[in-house]
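Side chains included, hydrogens not; waters and symmetry mates left out as well; all remaining heavy atoms used. Please read all numbers here as calculations on a predicted model, not as lab measurements.
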Amino acid sequence: MTQRFLSFNFGVAFLVLISTSAADVSAGAIGVLRLADGRQLPNLSLLDPAMNAARNALISDGHTVTQVNAINAASFVNVRVLWLPLLDTEGLYTPTERDALRAYYDGGGRIFWIGDAGIYNAGDNSLLSAFGIVKLSGTYDTTGPVSAGSTHAAASGPFGAFGSSVAGSATFGLVDLAGAIVPTTALYTDAAGPGAFVAALESAGGGRAALVCDSTIFADGLDENGGHRPLLRNLMAWLSSDPAYTPKGSNISTGTLAGACNSCPGVSVTFASVTTTGLTSVTAAGGGAAVCGYSAAPFGARPEKYAGFGFQISTTAGLAAGSAVTVTVAYEEAGLNAAGFGSEAIMSLFWHNSVSGAVTDITTNRDLVANRVTGLATGTGSFLFGAVIPADDCNGNGKFDVCEIAWDTQAPGGPYYCTTNCDADCNENGLPDECDVRSHYTGLSAVQSPIGTGAPQSFEFAGLPSAIGDVAIDVLARGDLSAASEYIDVRVNGSYAGRVFQTGGSDCPSNPNTGRVTLPSATFNGFVENGVATIALTASTAVDPNLCTPASTVQVRIEYDAESATSDCNGNAVPDDCESSADCDGDGIRDICEIAAGEADCNQNGVPDACDLDAEFSEDCNGNEQPDECEGLIRLTLAGMPSGGGAVAPVGSTDHEICSMAPISAVPAAGHCFGGWTVDAGLPPTNPEASATSVSAGNNQDRDGPFSEDHCKRTGRCDGLSGRKRVVCRRS
């Protein structure tokens, strides 16, 4: 299926087309029969010099003229209208030729034929017999059965009206149509004068035939622009059109809705009852109010919040009152999707009933396989192909929710029209994500009456969510409010909120005055108690409650953005539904929500530290209930005392992995001896009495060292001074 993209370049009109099995040919190609076997009379051939005026008129109308040398299917391939002029009185159409002409006609071909009413000849009758028609036998036949015809499409056209139907009592005629084996027949006389009679025929396959006489009088009038030439031009326009013509009960195919729905390759119309045939046309229409960036059809009556395509169907055919009109719109799914009409299942047909003025959904069938939508109306007029957009606007930004979410979302409900710069809908619930983490609250009270001095009013709003941003409190009032001394004070749960109508009011307007008090969210939330706010309105003493007739009225509206904490527990503007639902401790609260509430997550892996330790995902070598990966390095600081008593290593502070063993050593100076290690914080050395040992780099701990007394063992000479070394472990 070729993909076409929708556009809204409306206003292009186009003619209706009837499907035909005839070969694709130029709409105006006239093939003039010129037989070489002597059967054909030379006059009334469109190629003869005597027909120059008529031929030039047809060429100026856009037709082309070519020569056809034989009556067979091969000769008709590039012919739209086959011109069959008069045969000699002794010349006949053979059965084979009649069969070829009938097959051409039945398949959608068009035939123009000129006969002679004044002379009964077998040549004329040999052609007419192919259509079940009998030629009349006399020049002035006063008794022969001449069929009267109803108004026919060929009776008028781009070159004006040419005549009227022939009554049954006519004194001059061409043929008897009583036995014609075609669905639509009519007999006319030309307004230019006697001698030009027309039988107009039509086949079920879209073929047409115009049978004209009298040859002599008709030919004489073709050189006169005011004579029979308008008739000829109208007949050729009717015959060669593709065609803007409505036979009884036929299916009319309009072709592509160019200029409207470029992804709609065809519209067809079927009239259940056509009392008189006529012309049918379809005009594309568009423009109008913009919805989701698309234009709705501009008809005065249409469904509210409709987006799609409009077209108008009109016909000059006679239709039985209330008879069914079936309209089918073919579409290309890829093109509709590319334009934002996400689901083909929501596309519908609407019809504007010009009598009732109502616009109704007439959809009777959606063929999602064949990509067609069919509707059933009881008349022609204005039609719409599109969808009605739901009116929800959860965030109160003036855009419908379906206009903000990407068209390809899998959310139920649809349709979704946004194609660029769309809002996220990560949980595909049909709402922009911001509406999941916050909502737009709008509350509207009932109308109360009256309002004025001695007649205060109050309104209770319950179930109020916590506000985010400013809160608008609107007072809608009809009353005595035209002066500066005439105003209304607003209180929320007894707390003063503001004053309205001290300026900008009027007395008893048809549409209420609107005054607004705006409160910061913190102030409003402070006024509200358990989700309930009572808005009290007290008018100044100058406001007369009885001034207006009918009585004064007042109403309150509250509007603001509200919290929705249950759907975004961590406040990151992403709905909880779109984040992890893990609950490591099985307490029914998501891990992300517990962390947001204060549970430690030092490694920031989205899992509370306690669960990391319980699952042995993290180690806790020092037993402080904190994952080791969150501890960082432990700093070891060595100091020698007393000063000059010896040396320690490593000197100063060094960093070590938590719970690792850090080597330490002490070398006493001359006259000193090593007295053991003491610990100010952390774990003791592996061997506190050994001058070379190690210490665990654990958590900081304050404890009394076990070596508070000297353990110096005097050997040889000693200055009596004891040596003591101190090791301090601190976190980096």
Side-chain angles (χ1 to χ4, degrees), residues 287-291 295-306 352-360 388-400 440-462 464 470-492 496-519 524 533-561:
V291 181
S295 294
F299 308 129
R302 61 174 178 266
E304 185 182 7
K305 303 174 185 67
Y306 165 86
H352 174 221
N353 186 328
S354 60
V355 177
S356 66
V359 175
T360 55
V388 176
I389 302 174
D392 297 332
D393 179 17
C394 64
N395 51 13
N397 65 351
K399 297 180 180 179
F400 302 132
H440 187 76
Y441 175 81
T442 299
L444 183 64
S445 74
V447 177
Q448 297 191 23
S449 179
I451 184 68
T453 182
Q457 299 292 349
S458 65
F459 307 84
E460 182 177 288
F461 294 83
L464 295 176
D470 291 343
V471 176
I473 302 175
D474 292 331
V475 179
L476 294 77
R478 288 182 56 259
D480 178 20
L481 298 168
S482 61
S485 60
E486 298 168 341
Y487 53 81
I488 297 175
D489 285 335
V490 181
R491 285 178 168 78
V492 180
Y496 180 77
R499 177 173 292 176
V500 293
F501 304 129
Q502 200 156 20
T503 60
S506 61
D507 290 338
C508 310
S510 56
N511 294 317
N513 296 293
T514 300
R516 170 168 291 187
V517 171
T518 302
L519 297 176
F524 179 79
T534 299
I535 310 298
L537 305 180
T538 304
S540 64
T541 57
V543 179
D544 182 355
N546 301 313
L547 178 68
C548 300
T549 302
S552 59
T553 61
V554 69
Q555 188 177 24
V556 174
R557 178 176 59 226
I558 302 177
E559 188 170 4
Y560 59 90
D561 285 341

### Query
Does Phe459 reach the side chain of Leu537, with side-chain heavy atoms less than 4.5 Å apart?
yes
### Message
With side-chain contact (heavy atoms from CB on, under 4.5 Å) as the criterion, how do Val556 and Ile473 come out once you've worked through the C-alpha distance, each side chain's angles and the decisive distance to 0.1 Å?
### Response
CA-CA 7 Å; Val556 174; Ile473 302 175; 4.1 Å; yes
### Task
Give a yes or no answer on whether the side chain of Asp507 reaches the backbone of Leu481 with a donor-acceptor pair at less than 3.5 Å.
yes
### Task
Measure the spacing between CZ of Arg499 and OG1 of Thr503 and express it to the nearest 0.5 Å.
11.5 Å
#### Entry: Student check: side-chain heavy atoms of Leu444 and Thr442 closer than 4.5 Å
no
### Query
Any side-chain heavy atom of Val492 within less than 4.5 Å of one from Ile535?
yes
### Message
In this structure, is the centre-to-centre distance between the rings of Phe501 and Tyr487 below 6.0 Å?
### Response
no
### Query
Just wondering, do Pro550 and Arg478 contact through their side chains at under 4.5 Å, heavy atoms?
yes
### Task
Quick one: pull up CD in Glu559 and OG1 in Thr518 and give me the separation to the nearest 0.5 Å.
11.0 Å
#### Entry: Gly479 versus Cys548, closest heavy-atom pair with distance
CA-SG, 3.6 Å
## Note on the structure
Here the gap from Tyr560 atom OH to Asp470 atom CG, rounded to the nearest 0.5 Å, amounts to 13.0 Å
### Task
Using side chain to side chain donor-acceptor pair (under 3.5 Å) as the criterion, list what pairs up with Ser506, not counting sequence neighbours.
Asn513
### Task
Would you list the pairs meeting side chain to side chain donor-acceptor pair (under 3.5 Å) in which at least one residue belongs to residues 545-558, sequence neighbours left out?
Asp474-Arg557
#### Entry: Worked verdict on Val475 versus Val500 for side-chain contact (heavy atoms from CB on, under 4.5 Å)
CA-CA 8 Å; Val475 179; Val500 293; 4.1 Å; yes
### Query
With sequence neighbours left out, which residue pairs that include part of residues 533-544 fulfil the side chain to side chain donor-acceptor pair (under 3.5 Å) condition?
none
### Message
Given 3.5 Å as the limit, does a donor-acceptor pair link the side chain of Gln457 with the main chain of Ile451, or not?
### Response
no
### Query
Looking at Ala455 and Pro545, what are the two nearest heavy atoms and their distance?
CB-CB, 4.2 Å
#### Entry: From CA spacing to verdict: side-chain contact (heavy atoms from CB on, under 4.5 Å), Val554, Val447
CA-CA 6 Å; Val554 69; Val447 177; over 6 Å; no
